[in-house]
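Residue numbers begin at 1 in each chain, while the letters A, B, ... track the order of the sequences.
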There are 2 protein chains.
Amino acid sequence: MIEGKTIIRSDDLRAENRHRVLLTLRTEGPLSRARVGKITGLSQASLSTLLSAMTEEGIVTSKNSQLPSSARRGRPQTIVALDPLAAVAVTVALTADMLHTCLIDYAGKVIHKQNLSIETRALSESTLCNTVNKEITKALGKFQGTPCCAIAFGFEGVTDSVAGDLLWSPILTTSNIPIALSLEKKFKVPVTVQNDCRLIAKALHHSRYDELGDSFAAILFSHGIGMGMYLHGEPFSGAHSSALELGHIPFELDGALCRCGKNGCIEAYASDYGILRALNGSPALTEPALRIQQEQIKSMLNDGKKLSKQAQQVFTTAGRAIGHGMATIYTLFDPIPVALIGRSDTINDLMMDDIRATLQSSVRGTDKLDKLIHCFDDDGGLMQQGLALEATASIDRQYAYRRDLNAVKTC
Amino acid sequence: MIEGKTIIRSDDLRAENRHRVLLTLRTEGPLSRARVGKITGLSQASLSTLLSAMTEEGIVTSKNSQLPSSARRGRPQTIVALDPLAAVAVTVALTADMLHTCLIDYAGKVIHKQNLSIETRALSESTLCNTVNKEITKALGKFQGTPCCAIAFGFEGVTDSVAGDLLWSPILTTSNIPIALSLEKKFKVPVTVQNDCRLIAKALHHSRYDELGDSFAAILFSHGIGMGMYLHGEPFSGAHSSALELGHIPFELDGALCRCGKNGCIEAYASDYGILRALNGSPALTEPALRIQQEQIKSMLNDGKKLSKQAQQVFTTAGRAIGHGMATIYTLFDPIPVALIGRSDTINDLMMDDIRATLQSSVRGTDKLDKLIHCFDDDGGLMQQGLALEATASIDRQYAYRRDLNAVKTC
DNA sequence: CGATTTATTTCACGACTAAAAAAAATAATG
DNA sequence: CATTATTTTTTTTAGTCGTGAAATAAATCG
């Protein structure tokens, strides 16, 4: 599931350089061989060998630049690019009561999409695996001729992303499901399992690099509160794989009841269920609601007009909780750009001032705060994009590191 | 100051493998060529070339195993080891009113030691640089014939360890001192600058690997509260180099005054000055003391006998603050072993219960807490060990990565 | 003293580089 | 307009590095 990146042998070096070329083409798009050399740092000589081999293998396409002779003089460039037909992959996103399945090509483009309504909390382990199985098979049936090379699975919850286990999810009633193992057995291709926050961070790192840069945090506001992070261009996930639980940083000793069973977590104040509970005037120790529609919260806000003092207080507390979390992040990881995903209306209108005030009162060097906080809304597109990146990255690894260049699996 | 570890060319690979061999010899001690192969994963063929070259260069010694023919049959091993005479390095530790300078050999052994009393808070930037300069020159005079290849500088405070700047230190009144630049200009050798916590973490990673493993945190109790961390065998220091400020995680909104100027930091409750202030019964907003002798705290504890309710409360609060910090660490980095360094008597007797209780009430999965918390005392030896590791690692890098194998600098 | 065992070195082959050569276009010039 | 110079890109060539396999070295065992 994870490639041991120990480069010792000459072969490893070749594989690594193949990988470098593929990643460059993926992020930069079609390029001339010369530019690939500039970007990767590889010599033209090596690229000559590498690229002809990969063209031979059908991984990249190579065509003469069609610039209509407007161009500068000199030998015209040949443009190389990832061949979309080199592979297909399947992405599966499990969200509350919905299973989204996509078929994508090697360039990452969605070529088929299908959604299935299911009652997630009623699923047993085997039913879940079987349903996913069936959906993938169905999707693969829509496009034949190219081998399927990867499956990427995403959901809200806790993973063991090394083993590919789904450890716990708020939208399920079962836990510890070895979903990767099950799918790998069936489809004989690498399966990656990631939670929504890591996928969203991955998508942002790819599509919002200009704003967020190499190191940033993505805080996800939905039923719970999640976080993903990149540090120095690499996804960060702690010592094991279940860290970065921003929502469960202790905020108040013996405070409000959290979904996790503990008291006083940030999530208990700033999540959908925490906010709704407080807006309803329910005691802070009331068992968290299982499922909330965004509309339930919106309807309590009188369309943004003249909030009651009590409601204002709810959002002030939520803002302080988030501010406390961000202050803690800034203290432990250094001040980095933060993307706040989802609920951007209430965040901007009702919480931002308290977030800022809390941050500024507890962290030094947060003067340029405005440049650090970015708000985005998301309709699930980021997770889908993250899954596509995950799947294509898996294929890149396979194509870069494979030793037996003739054996291409078909499923 | 930091080696870009991008392996692209065959040369990089060779350098990387030289490095691998040196690191193996450093951590494992003298080994047969065969065992070096087993551990590094390199082929005997490569080792043959690499090791003869390095013997030639005078970096490693190579001698026949002197096991008195008791051994197994087969060709006897030749034992290779780092040659202590390959280089010397200087370590400099700046602590409160004291400058500790050591000369060490390539094996890391201290071959000369000298201490200088100075009033650190009275030092100007240039006086500091000059004093350090003189001490290093003096130390180098004690042992001639081998080139000096590295200087490692350590102190309590905030560094820019990439640039090698001393950004801020509680024991100084000046700040933003480009100490590495100054020393590099004078001695023409690489200079590393690290703070005490990172050095101590480095020393622990080397000498306490069995207990602490690949990922651990080291929390340092002294005048302030500091932290160092290793994750997956690598030192962790956040997005920039001044992160991991455990002591400045916000603990209470608008709480006690911290040395950093903010209110409610963990340090304001659990550091030497925070505890003494509270034991004295001074208001929590009293300006923190600049300098405290451990005895001042000890003398207030009546030799551990029958603590006053008020004093007990002080340590309970301190324990809760630390527990809060550790809970936050466990939430963001996953539960990992934690080494508590210094003040082990008061920690064990007066704070541990509250630390445990706070942790258990705010983090899930901290059942095996006893296996995660380790207490050590330290008299400065860890920092010295960290500096030696830092310096020898710098020489290893130079010897591994240098291209011009004949030019050896002398100073 | 040959057989066996273990450790190290030698050799043929693939991989990456720098430098030289080749390829393929435009610009300049008589 | 043909021919040469210039520019840019790509390929070829000679050299170095790491590997697996074979060869060599140096000991003990029977």
Report task. Would you confirm whether B:S161, through its side chain, and B:G164, through its main-chain N or O, come within 3.5 Å as a donor-acceptor pair? Result -> no
Query raised in the report: With a 4.5 Å limit on heavy-atom distance, are the side chains of A:R198 and A:S237 in contact?
Result: yes
Query - Euclidean distance, atom CZ of residue A:R20 to atom C1' of C:dC16 [Å, nearest integer] - result: 12 Å
**Report entry** Interatomic distance where CZ belongs to B:R18 and C1' belongs to D:dG18 [whole Å]
**Finding:** 15 Å
Requested in this report: Respond yes when some side-chain nitrogen or oxygen of B:S48 is under 4.0 Å from OP1 or OP2 of C:dT9, and no when none is.
Outcome: yes
Query raised in the report: Between C:dG14 atom P and A:L50 atom CG, what is the distance in whole Å?
Result: 16 Å
**Report entry** Atom-to-atom span, CD of B:Q77 to P of C:dT9 - whole angstrom
**Finding:** 13 Å
**Report entry** Side-chain N or O of B:R14 closer than 4.0 Å to phosphate OP1/OP2 of D:dG18
**Finding:** yes
Report task. State whether a side-chain donor-acceptor pair under 3.5 Å links A:E57 with A:Y399. Result -> no
Query raised in the report: Within the distance-only criterion (no hydrogens, no angle test), does the side chain of A:Q398 pair as donor or acceptor with the backbone N or O of A:C149 below 3.5 angstrom?
Result: yes
Report summary line: Nearest-nucleotide check on DNA chain C, B:Q44 vs A:L47; residue mapping nearer the 5' end is B:Q44
Query raised in the report: Of the nucleotides D:dG20, D:dC17, C:dT9, which one has an atom closest to the side chain of B:A45?
Result: D:dG20
Report summary line: Whole-Å distance, A:H19 NE2 to C:dA15 P, equals 19 Å
Query raised in the report: Does OP1 or OP2 of D:dC17 have a side-chain N or O of B:N17 closer than 4.0 Å?
Result: no
Query raised in the report: Nearest to the side chain of A:D11, which nucleotide is it out of C:dA15, C:dT10, D:dG18?
Result: C:dA15
Query raised in the report: Touch check for B:S52, heavy atoms < 4.0 angstrom, all strands: base, sugar-phosphate only, or nothing?
Result: nothing
Query raised in the report: Reckon B:R33 has a side-chain N or O less than 4.0 Å from the OP1 or OP2 of C:dT9?
Result: yes
Query raised in the report: Would you call B:D11 and B:R14 a salt bridge, taking side-chain N to carboxylate O under 4.0 Å as the test?
Result: no
Requested in this report: Taking only the side-chain heavy atoms of A:P76 (C-beta and beyond), determine which of C:dA25, D:dG18, C:dA18 contains the nearest atom.
Outcome: C:dA25
Query raised in the report: So what does A:T78 hit on the nucleic acid, given a heavy-atom distance under 4.0 Å: a base, only sugar-phosphate, or nothing?
Result: sugar-phosphate
Query raised in the report: Contact class for B:A34 (heavy atom, under 4.0 Å): base, sugar-phosphate, or nothing?
Result: sugar-phosphate
Report summary line: Of D:dA25, D:dG18, D:dT12, the nucleotide closest to the side chain of B:L13 is D:dG18
Report task. For residues A:Y230 and A:Y209, establish whether the separation of their ring centroids is below 6.0 Å. Result -> no
Query raised in the report: Looking across every strand, which nucleic acid part, if any, lies under 4.0 Å from A:I8 by heavy atom: base, sugar-phosphate, or nothing?
Result: sugar-phosphate
Report summary line: Note on DNA chain C: ranges paired as stems (three or more Watson-Crick/G-U pairs in a row, both atom distances under 3.5 Å) are C:1-30 with D:1-30
Query - Interatomic distance where CG belongs to B:L51 and P belongs to C:dT9 [whole Å] - result: 8 Å
Query raised in the report: Mapping A:L42 and A:R75 to their closest nucleotides on DNA chain C, which lands nearer the 5' end?
Result: A:L42
Query raised in the report: Got B:T61 and B:V80 here, is their nearest side-chain heavy-atom distance under 4.5 Å?
Result: no
Query raised in the report: Angle class for the B:F333/A:F333 ring planes (parallel below 30°, perpendicular above 60°, tilted otherwise)?
Result: parallel
Report task. Could you check A:R35 against A:S10 and say which one's nearest nucleotide on DNA chain D is further toward the 5' end? Result -> A:R35
